[in-house]
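What follows is a set of notes on a single structure, which appears directly below.
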Number of protein chains: 2
Amino acid sequence: MKTNARILKDRIYEELAITAKAMGNPRRMEIIDLLAQGPFPVEAIAKYTGMSIANTSQHLQVLKNARLAEITRKGNFIYYQLAGQHVFSAWSALRELGVTYNAEAKKLVEDYQEQQQQQGISAEELLKKAKAGKVVILDIRPEEEYQRGHIHRAISIPLDELENRIRELSKKQEIVAYCRGTLCMLVNHAVELLAKKGYKVKKFDKGYQDWTMKGYPVDMASRP
Amino acid sequence: MKTNARILKDRIYEELAITAKAMGNPRRMEIIDLLAQGPFPVEAIAKYTGMSIANTSQHLQVLKNARLAEITRKGNFIYYQLAGQHVFSAWSALRELGVTYNAEAKKLVEDYQEQQQQQGISAEELLKKAKAGKVVILDIRPEEEYQRGHIHRAISIPLDELENRIRELSKKQEIVAYCRGTLCMLVNHAVELLAKKGYKVKKFDKGYQDWTMKGYPVDMASRP
DNA sequence: TATCTATTCAATAAATTTATTGAATACTTG
DNA sequence: CAAGTATTCAATAAATTTATTGAATAGATA
């Protein structure tokens, strides 16, 4: 026999668990990781994560129902994005926790970085190269994000267009690619693609977040 | 056919999801909520949450394996506690997220508070009453926590001993009970018990965390 | 050492979650 | 309005998670 208070408590914790439950799945973790870089349509998310469209859609429903993600339509596509800064910070906290306490996870992330064999570059190095004018800075976030603000003089080729627009880049010049921030698995994809095709490319893996935090020069939309 | 990078990624996200998954269950949410107030033995957790001992133990194993909780032995008992401050903050972020975005959860928490019909008191009010010496301040956290530091002049009766030691309190004096912090469901239990027995009791529901944050007077162990 | 007791383990059934398939929707664009 | 396409839904089987039961274990106490 349950007391009134117990029933109410059960329901409270059930509701609270919905949020955590929605994050507690490897596929959805990766989706959130991706969405932390900007809005993407279902198809792109499916391709990136290697899941079927239907499966991806179902996972996205879960995130949407838990109020972690929301949608905006654009032409024929539905773009998914994180519901707000709170989501990003909760997810960061969880991720941080995972990497801090879970030695296995930590090692795997390091292995991955190593396997990619990609040279990272610090914000300071990038700033120096940029000032010397010896580098093409490539913003691989969705166009819209780029419009809102980007590293000074960066050019925009969103990741999903990179393959088609790769000829806009020169193989002679050094390229530094960046995306939003954190551990940014996304920029690895861009760098991998470019390196394979013979471009001289490095990644600025700390991303736009770190850049703005340091107060380094950016170009912003006049009316934000 | 999966690429090497995909396999590695899958494993990374699987590891990262373990943490979130461990939190993504109503029962474990409540356990963490309780452990956020201090260390407790299995039996006490089972009683508080209304679960069987075996079931409680299994949930605790999950938390322990996910590195969210750790144990210390004491006599015949095994005390469970949160693994560190990181766990508390990740859990707070999740909880915050749940209450912020989930209207249903928000309403339920408010309902619960209301149903309890307990008068809350602010840190400022408590300070004023304490200065006037007209109140008994009751710390219901585990003894150890109390030893480490407590509100100035508070007395210690841990929740699990309250029923047996209730006679140490006077029905004539006003009592204000407190525990660690946040939404602190725990203090509600103490207040409920005392009110039922006819004591003049209120709760300081912001808890010790809020108190110290405001720099109000505390008594601390000389060698912390 | 033997006994006691708090906790864990193991087995199982019920419930939930996940991936897959193929069909159904809903929105755009012509 | 029709055709096209991105996304969602529905049904199902496989996998995982949960609660329950009763037995096993490990550490403390006598």
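Worth saying up front: this structure is predicted, and the values here are computed from it rather than measured. So you know, we letter chains A, B, ... as the sequences are listed, proteins then strands, and number each from 1.
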**Message:** Under a plain distance cut-off of 3.5 Å, with no hydrogens placed, do B/Asn25 and A/Lys21 share a side-chain donor-acceptor pair?
**Reply:** no
**Prompt:** Around B/Glu163, counting heavy atoms of other residues, nucleotides and ligands shown, do more than 12 lie under 6.0 Å from its CD?
**Reply:** no
**Message:** Both A/Gly75 and A/Met51 contact DNA chain C. Which one's nearest nucleotide lies toward the 5' end?
**Reply:** A/Met51
**Asked** Are there more than 12 heavy atoms of other residues, nucleotides or ligands under 6.0 Å from atom CZ of B/Arg153?
**Response** no
**Message:** Test your reading of the model: is there a side-chain donor-acceptor pair from A/Tyr199 to the backbone of A/Ile166, 3.5 Å cut-off?
**Reply:** yes
**Message:** Side-chain N or O of A/Arg27 versus OP1/OP2 of C/dA19: is the shortest distance under 4.0 Å?
**Reply:** yes
**Request:** Mind calculating the distance between NZ (A/Lys74) and P (C/dA26) to the nearest angstrom?
**Result:** 24 Å
**Prompt:** Are the charged groups of B/Glu30 and A/Arg6 less than 4.0 angstrom apart, N to O?
**Reply:** yes
**Contact state string [nucleotides 1-16 of chain D, B base, S sugar-phosphate only, - no protein heavy atom under 4.0 Å]** = -----SSBBB------
**Prompt:** Does a sphere of radius 6.0 Å around CZ in A/Arg27 hold more than 12 heavy atoms from other residues, nucleotides or ligands, not counting ones at 6.0 Å or beyond?
**Reply:** yes
**Asked** What is the distance, rounded to the nearest whole Å, between atom CE of B/Met29 and atom P of D/dT18?
**Response** 13 Å
**Prompt:** Within less than 4.0 Å of OP1 or OP2 of D/dA19, is there a side-chain N or O belonging to B/His59?
**Reply:** yes
